[in-house]
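See structure below.
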Amino acid sequence: MLISSDFDSGNIEVLDASNPRQVRLAMRPDLNSHHFQWFHFKVAGMSPGQRYGFSLCNAGQSAYRQAWSGYDAAASYDQANWFRVPSRFEAGALRFELEPREAQVWFAYFEPYSRARHDWLIGQALEKAGAELFACGKSIEGRDIQLLRIRRTPEARRKIWIIAQQHPGEHMAEWFMEGLIERLQDQDDAELNELLAQAELYLVPNMNPDGAFRGHLRTNAAGKDLNRAWQSASEAESPEVFFVQQQMRRVGVDLFLDIHGDEEIPHVFTAGCEGNPGYSPRLAALEDEFRRRLVDIGAEFQTAFGYPRDEPGQANLTLACNAVGEEFDCLSFTIEMPFKDHDDNPEPLTAWNGRRSKRLAQDVLSVAAAMVGTLR
Ligand code: GEM
Ligand code: ZN
């Protein structure tokens, strides 16, 4: 049996694989950081039908140790079709077993979104969705941070920004962006045409390519949490945020969506700007309408569960959602998808996955189309 992780977003350390029924593994922390929770590894040379057992032995020291309860590991025989393996958190380790039907299997914290698929997605956007490469920044290790613009109507006044995967282990975020770009390829989409008659879209499909490729959970190659860098971005340590902020100030922002994943809460939800100093009845009403419309169109979304609301004036302005909402006085959300399942509509075989992330994005576009005329 051979266990490997030396590939795009791979992350595992083998402690002891001498007993196939009790393979002891550990997650590797982000570079220059203590954060870890993401894992992604391949097991080859297995005997189909034999039972194998795996333990992530340092799960109890991970960034969100309380999030392992109710979590099931993702697995795939072909890296395309992913399913969940019943898992349990006990004695500080995440444990799961499998009687594989094939000799090799991949395990991951969530259905991975690879850099190769990212490159394909950028091509799809440019060739089929009417996107242009508006600007291109560079990550610390020199990977492209593409800023795509979709402009169908030069007179369109509204600027809608959607960025994804500041936190590199939150792979559902770029699946969401794929859903956006897929829908943008439909030239006969009345809602979309209505949206693009009034707005330009500015999309950053992956804010943290270094972290994603390195199998990080939370930080970039300098160990920085990009979603805590929006008041102190620097070209040296957080060039990814520095670049996007620069472009936002060049263009303006009328609606901002920051796409994330949440380790613990088994629901899709949003976090708004209620704690911002500049939060107003206008923004409160827009936030309520956005959430209500998302529920009303039957999206996999709910408002009963989420982060505690910030107290008035107590928002952490180092977060993208709060920083952008405050600076541009605009509707601004963090959109959270679960690493577990969306328990309002559970799908035990797959739990939350790439397909559902894509569908949510397409529903979000419908809500943006309905609200584009009232953003200001
Ligand atoms: C979260 S955003 C936290 C937002 N909290 C409130 N109360 N608005 C983060 O960066 O910690 C997003 C994430 O990590 O998914
Ligand atoms: Zn996040």
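What you see is a predicted model, and the numbers here were worked out from it, not measured in a lab. Numbering of ligands and ligand atoms starts at 1, following listing order. Numbers here are sequence positions counted from 1.
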Legend entry - Set of residues that line ligand 1, where lining means a heavy atom lies under 4.0 Å from it: His167, Glu170, Arg218, Asn227, Arg228, His260, Gly261, Ala271, Tyr307, Pro308, Asp310, Leu319, Glu336
Inset, instruction - Compute the angle centred on the Zn ion (ligand 2) spanning ND1 of His167 and OE1 of Glu170, and express it rounded to 10 degrees. - result: 120°
Inset, instruction - Give a yes/no answer: is there an N/O/S atom of Glu336 under 2.8 Å from the Zn ion (ligand 2)? - result: no
Inset, instruction - Would you confirm whether the ring centroid of Tyr109 sits within less than 6.0 angstrom of the ring centroid of Phe339? - result: yes
Legend entry - Check: Phe110 ring centroid to Trp175 ring centroid under 6.0 Å: no
On the 0 to 90° scale, with breaks at 30° and 60°, tag the [X]-[Y] ring pair as parallel, tilted or perpendicular.
{"X": "Phe107", "Y": "Phe96", "answer": "tilted"}
{"X": "His40", "Y": "Trp38", "answer": "perpendicular"}
{"X": "His342", "Y": "His267", "answer": "perpendicular"}
{"X": "Phe134", "Y": "Tyr202", "answer": "perpendicular"}

Legend entry - Ala320 backbone acceptor or donor facing Asn227 side chain under 3.5 Å: yes
Legend entry - Closest His260 atom to the Zn ion (ligand 2) [N, O or S only]: ND1
